[in-house]
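Order of the sequence lines fixes the chain letters, A, B, ..., with proteins taken first and strands second; residue numbering starts at 1 for each chain.
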Amino acid sequence: MGILDVIDKIEDSSNENDNNTNGLSTGGSRNVNINNNDFYYSKDMENISVRSIRPKTFLYTTVVKKYLGEKAMAILKILLSQERVTLKMIYTIMNNTSVPMELSSIKRTLVSMIQLGIVNYYQDELPKNYNTKINKKFKQKIHYSINEEGLNLLLYSGEIITNVTMIHSYMGEIPMKIVEEIMTNCLQFGFLSVDQIIMTVKNDEDFIDEDVIKQCIDILLKDGWLKRSTPLDQCPSKDLWSLIYNREYVVTGERDKTLSELKKKHQSTFKSKEKFNKLCSYAQGEICRVSFDRYLKWKRILHISQLCESIHGIAIGKILNFCGDIVGNKQQTLRDPLKDCGLFDDAAELAAFNEEQEFKDESTTGIAFDSLDIQRFIQHRNIPIDLNSTLVNSLNTGNLNENKRVKRESTVGLDLNDIQEENEEDLDLDEAADVAETVNENGKRVLVNNDVSIASINACLQLLSDDMQSIQFLKKTSSGKYFFPFTNLTKILKQTVYDGLIESTLGVSSLRLLRCVRFNRLVTEKTLCSLALLKDKDVRHIVTKLIKINAVEIQELPKANDRSAARTVFLYRIDERHQYQYMDDNLCWNMANLINKIELLKEKNKVLLNKAEREDVAGKEEELLLTSELNQLKMINEREMSSFVRLNRLISLWEVFQF
Amino acid sequence: MNFLGSQEVLANLSQPATLLYERMSEQGSDALYNQQQIASLTGQNMENSRLSLQELIDKKLLQVLKQNNEVVFKKVDVSEASKKLSMNKDEQLVYSHIEQSAREGIWIKTIKAKTNLHQHIVLKCLKNLESQRYIKSVKSVKFPSRKIYMLYNLQPSIEVTGGPWYSDGELDDEFISHLLTIVWRFAAEKTFPDGFNNYAQVNMKTGKNEKIYTKNVVNYVTKQEILDFIKKINISKVDLSIPDIESLCEVLYFDNRLTKVGVNAYKVTLQSVLDLMSDNLVKDDKEIKDPELEFSTLLQDSYSIYRSKNFVDPSLNDRETVYFDEWTL
């Protein structure tokens, strides 16, 4: 079924119960299996100058090499550099390299890559008035391009499995295991139908009830961790957009022939956007895949909570994190496909989009919450959190002036507090009787939960939504509920992480100068010295470092007509886009380099590692391996572990610039 | 060189000139007079009053100025006049330019250009004037390499001295960092219930023992409060003003050690409190972990750049180190 048909289908709003998933449902069971034995790609990756040209290429190729092997990497390289290619082109380019590849091999690899969602394809549609007799030569070509989402899923795969499992720990041990299994399988196979997921999970653990698995899948689907496949999973958004737009353009032209070109474009853009959005959210039945967008949403909440923790303290950070959990998947998507389709080359469109996003932060249904929701969340999940002893309501003035007291919270709040506590105690005791856990633990929990009162939660929310603070984490809706101003918070998040990176790598004085320039927008060196209270020699030295990494830029202000340098004033300023781009690339390169280093390490010790993994050796290493070999093995493990920790940290910094 | 006392100067004046000078003295020292006013002061015709004027100008008791394209006259003190009379012509010229520059001071090269005198002569004049304590040389913060002169009895302007942050034309690092710490500590005492020791007992993972103020508490400091505090503890030799305090607070804000509350008030950041005691933080005490609550540990266990800012120095045998600048090398 072509995409055009899907569009028609949406237009006609016909019932969608047919077999609209045919080509894919069978593909879902394919395991990814690329045979790399007969192929060894040239080692030019070790040449630093080559891999530093575009860090993203370096990163993705290393990741793909690690997970899928060298063949996939070779194809990915071509796709990354050419962006949109046909099979024939891949074959031709491949055969011009020193390591040619057979057509069938390329095809096999491509299929696996499509299955994992790394590669998208687009088949040329037949023209509407296509006539086989007149135009015999028209051939529907298939164009392949990269799908970054799939690559990111590969990069994040381990993290996703662990974290999503942990997020669902409140459901109990068995569901947690099932969730882990489901996520692992979905990541491993790419696209799977619900039945196939059940099948794969059941195969591993025989004793699990099918209904439990189904429930778990439903929960994952409902919360957005798994998403049903949409046309965009196979078709690149650029192609889809141009298809819809071109069609809409023709239709608009036919409908009203007197329309001016400008109006025609405007109208068709407007309509295409509507249709595009509809198509993007059009779920094609049973096929599921892991949603990277949902993971990023969760990560964004985590980053915001961390930022909050660094400003308001640990307890408030936790409360904000609960708020984020309550909002969950309802927040605006971070990966709007409209962003990739080239529409936002027009600055006005981009501004309008951003404005709309900001509006949607508040207006989307289900995104607002209040203190009751939070209390319910804490009680429901039995989270031990003690707010009453954390929040201090009067100024601690020591011995000097004790009688100076600041206004306490309203007495109404306190009454409410007391009532709530009594209720909770009853509730918890009942629950305790039902669940019948150990007395000790229950007793503890009941005590702890007493402390979460509506009044104290409200106090936290007030602090978070205070507009006098440097960052307003929450805002109030007109109905008195709270919501996250995500668009704004994302900007602040990037800035603070950037500042943190500058401070920890270049020192506090660099941070001082950077923030000084940012705050004052355009400054000369002299003003910078006097504002930052630093010696001009130091300032010049630091600014040079900052300029080197694009953190600060020089603005020329000519005073004479001939722009003579002697009379020109040079000012410093900041361009956030350039700053973040540099940092993004820098972190990306470092990530890739780390993965590359691990791979090199393993390759160097290939013989030993193979030996340790042999069936007869595994488990009895201490008996069968020499002491030196054991030491070597330990060293490899340690280095690998430390690399993974570092990689994890880098990823968590890098992703902020992807929001 | 003949030195004349102030009495001597007045005694040598003619009668009408003395009268005119006395009349002018009665009007105050800052008054300016045009020719008509002078005539009315003397009560004589223009011709005669011009003679008195010339006499006063010769004795340096009057200064000729130009205002709105009109020549006006200003009375000069007798002591000042006697000072000028004791100088030679070149010295007088140099002195007048230095006098004109007032509190900003004048660069030696500018004097040379304005007076059209030879370098040797200018230097000689300056040396003479300096030895008689008529002028002094000052160091400018803006142009540290320039030799700048101004009248001996004048205080250099803030632009020349650079304000309270400079001593002898050099930025006083120690003084500034001292004051910054004091301002920060003063604010910290107010921001958190236990001041900058607020997090000494807190478990940084679970938040046990943490104490923070609610929104209703006025836990910030204003510039005036900081200024009062600094004056009270009497730490600064220089007189500080509100703008000085503001610039200190701004620097702390740029360092991310203070944060702004509203327009005029400041609080310390939690980060700065933690940075101060990064080594003494409470280590994770081993608690029994509830497997069902693992989701709540995700936040506290995940890596945060705000929490771990002080990176460990890379050792040479650690081959997996990530370098910030490796990409561009």
Student: Where on A:Thr496 is there a heavy atom nearer than 4.5 Å to chain B: the side chain, the backbone, both, or neither?
Tutor: both
Student: Given heavy-atom pairs under 4.5 angstrom as the criterion, report whether the side chain, backbone, both or neither of A:Asn520 touches chain B.
Tutor: side chain
Student: Chain B heavy atoms under 4.5 Å from A:Met591: which part of the residue, side chain, backbone, both or neither?
Tutor: neither
Student: Could you measure the distance from the CZ atom of B:Phe186 to the CG atom of B:Leu179? Nearest 0.5 Å is fine.
Tutor: 13.5 Å
Student: Taking side chain as everything from C-beta outward and backbone as N, CA, C, O, which of these in A:Lys526 sits under 4.5 Å from a heavy atom of chain B? Side chain, backbone, both or neither.
Tutor: side chain
Student: Of the listed residues (B:Ile212, B:Asp173, B:Ile176), which shares the most heavy-atom pairs with chain A below a 4.5 Å separation?
Tutor: B:Ile212
Student: Considering only heavy atoms from C-beta outward, does the side chain of A:Asn321 approach that of A:Ile301 to under 4.5 Å?
Tutor: yes
Student: Can you tell which part of A:Ser652 gets under 4.5 Å to a heavy atom of chain B, answering side chain, backbone, both or neither?
Tutor: side chain
Student: Between A:Ala315 and chain B, with a heavy-atom cut-off of 4.5 Å, which part of the residue counts as in contact: side chain, backbone, both or neither?
Tutor: both
Student: Is chain A contacted by the side chain of B:Tyr253, its backbone, both, or neither, given a heavy-atom distance below 4.5 Å?
Tutor: both
Student: Quick one: CZ on A:Phe377 to CD1 on A:Ile383, what's the gap to the nearest 0.5 Å?
Tutor: 5.0 Å
Student: Please state whether the side chain, the backbone, both or neither of A:Leu511 comes within less than 4.5 Å of a heavy atom of chain B.
Tutor: both
Student: Please classify the contact of A:Asn648 with chain B as side chain, backbone, both or neither, using a heavy-atom distance under 4.5 Å.
Tutor: neither
Student: Does any backbone or side-chain atom of B:Leu180 lie under 4.5 Å from a heavy atom of chain A? Answer side chain, backbone, both or neither.
Tutor: side chain
Student: Non-hydrogen atoms of chain A under 4.5 Å away: do they reach the side chain of B:Thr269, the backbone, both or neither?
Tutor: neither
Student: With chain B, which of A:Leu533, A:Asn163, A:Leu463, A:Leu513 has the greatest number of heavy-atom pairs at distances under 4.5 Å?
Tutor: A:Leu533
Student: Would you mind telling me which of A:Val497, A:Leu307, A:Leu531 has the largest number of heavy-atom pairs within less than 4.5 Å of chain B?
Tutor: A:Leu307
Student: Starting at CG of A:Leu493, measure out to OH of A:Tyr498 and round the result to the nearest 0.5 Å.
Tutor: 15.5 Å
Student: Using side chain to side chain donor-acceptor pair (under 3.5 Å), reason through A:Trp654 and A:Asp584 one step at a time and then give a plain yes or no.
Tutor: CA-CA 6 Å; A:Trp654 175 70; A:Asp584 184 354; 2.7 Å; yes
Student: Between A:His168, A:His312, A:His303, who has the most heavy-atom pairs with chain B when the cutoff is under 4.5 Å?
Tutor: A:His312
Student: Is it the backbone or the side chain of A:Leu534 that comes under 4.5 Å from a heavy atom of chain B, or both, or neither?
Tutor: backbone
Student: Taking side chain to side chain contact (heavy atoms under 4.5 Å, CB included) as the criterion, tell me which of B:Met150, B:Glu104, B:Gln155 meets it with B:Val138.
Tutor: B:Met150
Student: Verify salt bridge (Lys or Arg N to Asp or Glu O under 4.0 Å) between A:Asp538 and A:Arg512, making sure each step is shown before the conclusion.
Tutor: CA-CA 12 Å; A:Asp538 299 338; A:Arg512 187 188 287 185; over 6 Å; no
Student: CD/B:Gln271 to CG/B:Asn256 distance, rounded to the nearest 0.5 angstrom?
Tutor: 6.0 Å
Student: Side chains of B:Lys267 and A:Gln469: donor-acceptor distance under 3.5 Å anywhere?
Tutor: yes
Student: Might you confirm whether atom NZ of B:Lys211 has over 12 heavy atoms from other residues, nucleotides or ligands at distances under 6.0 Å?
Tutor: no
Student: Please tell me if the side chains of A:Arg646 and A:Lys597 come closer than 4.5 Å, counting only heavy atoms from C-beta onward.
Tutor: no
Student: Report the option among A:Asp325, A:Asp466, A:Val508 that has the most heavy-atom pairs separated by less than 4.5 Å from atoms of chain B.
Tutor: A:Asp466
